[in-house]
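Atom set for the values below is all heavy atoms of this structure, side chains included, hydrogens, waters and symmetry mates excluded. To find a chain, count down the sequence lines: A is the first, B the second, and so on, and within it residues start at 1.
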Amino acid sequence: MEGSCVDEALSHSARRQQTPPHASEAPQRMGSGVSAVLDPTPESGMEAVSRKLKLSSSQYKGVVPQPNGRWGAQIYEKHHRVWLGTFGNEAEAARTYDVAAQRFRGRDGITNFKPLSESDDDEAYEFSFLVAHSKAEIVDMLRKHTYHDELQQSKRAQGGDLVVGRRTTPRYLRSARLMLFDKVVTPSDVGKLNRLVIPKQHAETYFPLESGSSVASKGVLLNFEDAGGRVWRFRYSYWSSSQSFVLTKGWSRFVREKKLKAGDVVSFWRSTGPEKQLFIDWRTDVIASFRTMTPPPTVNPVPVVKLFGVDISELLPVNGGDRKRGREAELFPPSQFVEQQFFEAL
DNA sequence: AAGTGTGTTGAG
DNA sequence: TCAACACACTTG
């Protein structure tokens, strides 16, 4: 079987991109794999013996015709073909390939249709589901045609409501998280102004305030949970004088306690669940720590140990960045950020 | 017999 | 990396 090498570490890097480009349109073509375009004569029994039936190739990537008119799906990795099963219809085989492509090649793997899930949330969820399983497991589901069911089932299993009490929510959320945006903090973001400027485009997209309303000028209080499960509350408002969106009250405390420096990166996340809970995380300025470190520098500033239950500590330098994050690292929740770190580390 | 997936090759 | 093709092997 070719499935033996399937479980190696992910081979390709994935770039973070909100909307991966689609593969070209794939207009439906009916019919079986047997090309009969100009020969509608039904093959009956014996003619097939002498006639060499030409299999019509698939319009879909990763899909190959089978002699009986069905379709096979396959993906290549490391010189080897990984067989993904056979299917009665071409598009189904193509979707199967797509799933494998995402699992094997990351978010930006070329696909026939993806993203199928129209909502970002769904897509984020599906991706975390993929990464949470080994390649072999995914391939197995695909071959047995149970992938979709298992995905749904896992959604259902997660589906329970997270009761948000007055306190912190459970720090280990199972639900997938969607990265909203990163910001490299400027000197003024960590300086005396006690505010963080949210780039306008991101502010309007992710933290909309009714423009001109009193709410906008007075601001609203937003809660963000950090990797350690601690909740930070910031005032978020619009400063008309500078025409900018800012986090004010509460921000300086975050800067102080996290020892944020200019050049560090703050990232914002949102849970994909119905609660739309917000998260904040930060990481050190990779370039700066690269410069100041004495021993062979670590590539990864976040000493993530586990990724969706998969121990990747051997793949990542554990000595971490130059500033400690303590036990927070162990508690770092599943997230696309982690996925990116993971992919990029390989 | 029907269906599946591998061996192999050559193109890109 | 990818699909085309032939055919051995498996399954019902």
Side-chain angles (χ1 to χ4, degrees), chain A residues 1-15 17 20-116 127 130-131 133-150 339 342-346:
Chain A
M1 286 282 261
E2 291 190 54
S4 49
C5 64
V6 145
D7 218 1
E8 293 171 359
L10 301 182
S11 49
H12 288 60
S13 67
R15 245 129 259 125
Q17 198 180 43
H22 287 237
S24 55
E25 303 272 321
Q28 274 311 37
R29 200 210 308 135
M30 297 288 99
S32 67
V34 177
S35 133
V37 181
L38 294 178
D39 177 17
T41 311
E43 301 289 341
S44 61
M46 43 193 258
E47 296 105 285
V49 175
S50 54
R51 188 169 319 185
K52 192 151 109 189
L53 294 181
K54 181 178 177 184
L55 298 179
S56 82
S57 59
S58 175
Q59 62 194 305
Y60 296 113
K61 186 176 170 60
V63 177
V64 292
Q66 290 295 95
N68 55 358
R70 289 166 57 83
W71 300 91
Q74 61 186 21
I75 189 169
Y76 285 82
E77 167 167 88
K78 303 271 215 177
H79 304 211
H80 288 291
R81 171 176 45 203
V82 177
W83 188 252
L84 304 173
T86 57
F87 304 85
N89 94 43
E90 202 179 352
E92 192 189 350
R95 280 194 301 273
T96 295
Y97 172 85
D98 288 356
V99 171
Q102 298 255 279
R103 175 60 247 249
F104 281 62
R105 294 164 188 176
R107 224 183 234 319
D108 287 351
I110 304 226
T111 58
N112 295 291
F113 300 117
K114 291 245 165 188
L116 278 181
F127 198 75
L130 281 173
V131 180
H133 293 80
S134 70
K135 292 179 188 179
E137 286 171 325
I138 296 297
V139 167
D140 197 55
M141 294 180 210
L142 293 173
R143 287 176 74 148
K144 292 192 316 208
H145 300 195
T146 61
Y147 173 76
H148 209 69
D149 284 349
E150 301 222 26
E339 292 160 18
F342 184 48
F343 285 124
E344 286 163 10
L346 297 176

Exercise. Rounded off to whole Å, could you give me the CG-to-P distance for the A/Asn68 and C/dT11 pair?
Key: 16 Å

Practice problem: Could you tell me the separation between the NZ atom of A/Lys144 and the P atom of B/dT4, rounded to a whole number of Å? | Solution: 16 Å

Quiz item: Any ion pair linking A/Lys135 and A/Glu77 (charged N to carboxylate O, less than 4.0 Å)?
Solution: yes

Quiz item: Among side-chain atoms of A/Gln66 and A/Thr86, is any donor-acceptor pair under 3.5 angstrom?
Solution: no

Quiz item: Is there side-chain contact between A/Leu142 and A/Tyr97, with heavy atoms separated by less than 4.5 Å?
Solution: no

Practice problem: Looking at every strand, decide which applies to A/Gly85 at a 4.0 Å heavy-atom threshold: base, sugar-phosphate, or nothing. | Solution: sugar-phosphate

Grab the N/O contacts between the protein and nucleotides 8-11 of chain B below 3.5 Å, and write none if there aren't any.
residue, atom, partner, partner atom, Å
B/dT8, O4, A/Arg81, NH1, 3.4

Quiz item: With no angle test and no hydrogens, is the base of B/dG5 tied to the side chain of A/Gln66 by a donor-acceptor pair under 3.5 Å?
Solution: yes

Quiz item: Whole Å only: how far is the CZ atom of A/Arg143 from the C1' atom of B/dG5?
Solution: 7 Å

Exercise. Work out which heavy atom in A/Thr111 is nearest to a heavy atom in A/Ala101; give both atom names and the distance.
Key: CG2-CB, 4.2 Å

Quiz item: Are the side chain of A/Gln74 and the backbone N or O of A/Trp83 linked by a donor-acceptor pair below 3.5 Å?
Solution: no

Practice problem: Rounded to the nearest 0.5 Å, what's the gap from NE2 on A/His148 to CD on A/Glu92? Could you check? | Solution: 11.0 Å

Quiz item: Once you round it to whole Å, what is the distance between C1' of C/dA3 and NE2 of A/His80?
Solution: 17 Å

Quiz item: Cation over ring, A/Arg107 on A/Phe127, under 6.0 Å and within 45°?
Solution: yes

Quiz item: Which nucleotide, B/dG3, C/dC7, C/dA3, lies nearest any side-chain atom of A/Gln74?
Solution: C/dA3

Quiz item: Is the phosphate of B/dG3, meaning OP1 or OP2, less than 4.0 Å from a side-chain N or O of A/Thr86?
Solution: no

Self-check item: Distance below 4.0 Å between A/Ser57 side-chain N/O and C/dA3 OP1 or OP2
Solution: no

Quiz prompt | For atom OH of A/Tyr60 and atom C1' of C/dA4, their distance in whole Å | solution = 20 Å

Practice problem: Verify the contact: side-chain N or O of A/Lys61 to OP1 or OP2 of C/dC2, cut-off strictly under 4.0 Å; return yes or no. | Solution: yes

Quiz item: In whole Å, what is the span from the CZ atom of A/Arg105 to the C1' atom of C/dT1?
Solution: 7 Å

Quiz item: For A/Arg70 and B/dA2, is the shortest distance between a side-chain N/O and OP1 or OP2 below 4.0 Å?
Solution: no

Practice problem: Whole angstrom is fine here: how far is it from CG in A/Leu84 over to P in B/dT6? | Solution: 10 Å

Exercise. Tell me which nucleotide among C/dC2, B/dT4, C/dA4 gets nearest to the side chain of A/Val64.
Key: C/dA4

Quiz item: What is the distance, rounded to the nearest whole Å, between atom CD1 of A/Ile110 and atom P of C/dT1?
Solution: 13 Å

